[in-house]
Amino acid sequence: MKDLTKGNEGKLIFYFAVPMILGNFFQIFNTLVDSIIVGNYIGKSALAAIGSSFPVIYALISLVIGISGGISIVISQYYGAKDLNSVKRAIDTAFIFLLSSSALLGIVGFIFAPEIFSMLHLSEEAMNEAIIYMRIYLSGIVFMAGFNGAMGILRGLGDSKTPLYFLIITTISNILLELIFIVWLRMGIEGAAWATIGSQILGFSISIFYLNRSHAVVRLRFFKMVFDKQIFKLSLKIGLPSGMQQIFVALGMVALIRIVNEFGTNAMAAYTIAGRIDSFAALPAMNFSMALASFVGQNIGAGHIGRVKRGLKYTILMSGSVAILVSLLIGLFAHPLMEAFTNDTAVIELGSHYLWIVCSFYLLFTLMFAFTGVLRGAGDTLIPMFITLFSLWIIRIPIAVFLSSKIGITGVWWAIPIAWGLGMIASFIYYRTDRWRKKSVIKKNLDIESISINN
């Protein structure tokens, strides 16, 4: 467990973010290898099926993700205030909610999978594979939710290194299982889904074992856990806006997939591959934002507003530099990157064009995430929800529909950076109002240095 309320802000955020970046690097690396194996051993229809399944699965669990994120912020603030009894109750509450709600959502998704993919206008060649993949995937969603919940709890307690080790283990196990199921046993898309479930069961098991053995604050006994209604109410207050935001983001992804599917299997396969590469490129921004949120949570809990503002400045400097470097690399190697996944010329050209457009604007995405990192860490999640809804549903999707009708699939690609730019501007304007200071779960007087920061 790491106390983020003392020491150099930049170093703390950097050393907290690096294990998270590496951990998520392995997660995205896992999806990249998954796409390479699926694309080369099963085919582009399977790539389209998996690409269409992900946002649907994400939409099903997005509310759970948002609310559990609220619980993580509550844990971080209680830990910053050194209220360990409340930390223990919050951890129990998080697991009870995560496991029960994910099980229910998995059942719903399993039953209605055919109807969902019919609404997305998925091509006939990819439809059956998408239904099979999602149903198998959802059968293990409880383990996935539990594993990610354990990772969030560790980060809320200031430990970002241990999740890295667990993610490395799950990544390696998933790749090995895919090689066995897909390459050796020729199980097709079912093998890809079963490999994911197997790795998540392993990750969930070792994370629970570690939490019980290594953290004095955590003693998980599933039949003795206590659900704290008051803590859950606080978590809902913080996490419900984020959950609703996640739902609308996921539904936005589904809407975009429907637009892309109108252009055929090649476009959907290209969107899937380029999106995986794009996710890899977005890792530094997202993880610096998560590190900043944990940093802000603890320092807001301790009443150190001055440290929060300095932490933001360091985060922008570090993550912005990485964003510029990543933009250059993706721009230079877009074509070879696409060729690693498929030998289909049409898919390669479409995906390369996506990457050339989107990678030019990673800095905007990075700045947007830095500002929202402060807001989330402070517990101010309602306004970021509205900003996300504005940039996605008022800007990105309508522009994607309009431009795609005028210039084809390229219009969908251009809608992405336009939405990032407007979202960044809105996030910055709200951050400058300083209203996020009043959203803390822990009520303390501001430290003296925060006064000098504002003058």
Side-chain angles (χ1 to χ4, degrees), residues 10-11 13-36 39 51 164 171 256 269-292 312-343 345 347-373 391 396 399-400 403 407 409-425 427-428:
K11 288 182 179 179
I13 293 170
F14 176 80
Y15 287 116
F16 193 79
V18 166
M20 294 168 65
I21 293 172
L22 292 174
N24 281 282
F25 165 83
F26 281 99
Q27 282 187 310
I28 300 298
F29 176 74
N30 181 32
T31 64
L32 292 176
V33 173
D34 174 72
S35 296
I36 291 172
L164 167 62
T171 297
L256 287 169
Y271 185 64
T272 299
I273 296 171
R276 295 286 173 89
I277 298 170
D278 195 31
S279 297
F280 182 81
L283 277 181
M286 297 175 67
N287 285 279
F288 270 110
S289 176
M290 290 170 63
L292 180 62
L312 172 63
K313 291 178 182 178
Y314 283 118
T315 299
I316 289 174
L317 179 63
M318 293 184 289
S319 60
S321 300
V322 174
I324 293 170
L325 176 62
V326 170
S327 294
L328 292 172
L329 291 174
I330 297 291
L332 288 172
F333 298 104
H335 215 273
L337 286 169
M338 290 296 301
E339 289 176 336
F341 294 85
T342 180
N343 56 10
T345 304
V347 174
I348 292 170
E349 290 301 321
L350 286 169
S352 298
H353 200 195
Y354 171 105
L355 293 172
W356 286 325
I357 291 172
V358 172
C359 79
S360 303
F361 299 94
Y362 284 147
L363 184 59
L364 295 178
F365 178 84
T366 299
L367 292 173
M368 178 178 67
F369 263 76
F371 294 126
T372 56
S391 62
R396 183 173 173 180
I399 288 178
L403 291 181
I407 59 176
I409 193 66
T410 303
V412 180
W413 307 163
W414 274 110
I416 297 170
I418 292 172
W420 287 350
L422 293 173
M424 183 275 291
I425 293 169
S427 298
F428 172 72

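We count residues from 1, following the sequence as given.
Across all non-hydrogen atoms, the minimal contact from Ala415 to Ile399 is CB-CG2, 3.8 Å. Here the closest non-hydrogen pair linking Trp356 and Gly331 is NE1-O, 3.1 Å. Listed here is the closest heavy atom pair of Val347 and Ala270: O-CB, 3.5 Å. Summarising the geometry of Pro417 relative to Ile357, their closest heavy-atom pair is CG-CG2, 4.4 Å, with the distance given to 0.1 Å. What you find for Ile330 and Cys359 is that their closest heavy atoms are CG2-CB, 3.7 Å. Of all heavy-atom pairs spanning Thr366 and Ser319, the tightest one is CG2-OG, 3.2 Å.
Within the model, atoms CG of Leu164 and CD1 of Ile21 stand 11.0 Å from one another, a figure rounded to the nearest 0.5 Å. For the atom pair OG1 of Thr315 and CD1 of Ile13, the computed distance is 3.5 Å after rounding to the nearest 0.5 Å. Once rounded to the nearest 0.5 Å, the distance linking CZ of Phe361 with CD1 of Ile418 reads 8.0 Å. Note that OG1 of Thr171 is 11.5 Å distant from CG of Asp34, once rounded to the nearest 0.5 Å. In this structure, CZ in Phe16 is found 11.0 Å from CG in Leu292, a value given to the nearest 0.5 Å. Taking CG of Leu332 as the start and CG of Leu355 as the end, the distance is 12.5 Å to the nearest 0.5 Å.
Between the side chain of Ser289 and the backbone N or O of Ala285, no donor-acceptor pair lies under 3.5 Å. The backbone N or O of Phe369 sits less than 3.5 Å from a side-chain atom of Thr372, completing a donor-acceptor pair.
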request  = Apply side chain to side chain contact (heavy atoms under 4.5 Å, CB included) to Arg396 and Leu256, showing your working.
outcome  = CA-CA 9 Å; Arg396 183 173 173 180; Leu256 287 169; 3.3 Å; yes
task = Output, in order, the C-alpha distance, side-chain angles, deciding distance and verdict of side chain to side chain contact (heavy atoms under 4.5 Å, CB included) for Phe371 and Leu312.
result = CA-CA 8 Å; Phe371 294 126; Leu312 172 63; 4.1 Å; yes
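Side-chain contact between Ile409 and His353 is absent, with no heavy-atom pair separated by less than 4.5 Å. In this structure, Tyr354 and Ile416 have side chains that are in contact, with non-hydrogen atoms separated by less than 4.5 Å. Counting heavy atoms from C-beta outward, Thr410 and Leu403 have side chains that stay 4.5 Å or more apart. Tyr314 is not listed as a side-chain neighbour of Phe288, based on a closest heavy-atom distance of 4.5 Å or more. Contact annotation: the side chain of Val358 approaches that of Trp420 to within less than 4.5 Å [non-hydrogen atoms, C-beta and beyond]. Side-chain atoms of Ile277 and Met338, non-hydrogen and from C-beta on, do get closer than 4.5 Å to each other.
Checked by atom type, the side-chain pair Tyr271/Asp278 shows no donor-acceptor distance below 3.5 Å.
Shown here is Met318, whose CE atom has more than 12 heavy atoms of other residues, nucleotides or ligands within 6.0 Å.
Under the side chain to side chain contact (heavy atoms under 4.5 Å, CB included) criterion, Met290 pairs with Met20, Arg155, Asn287, sequence neighbours left out.
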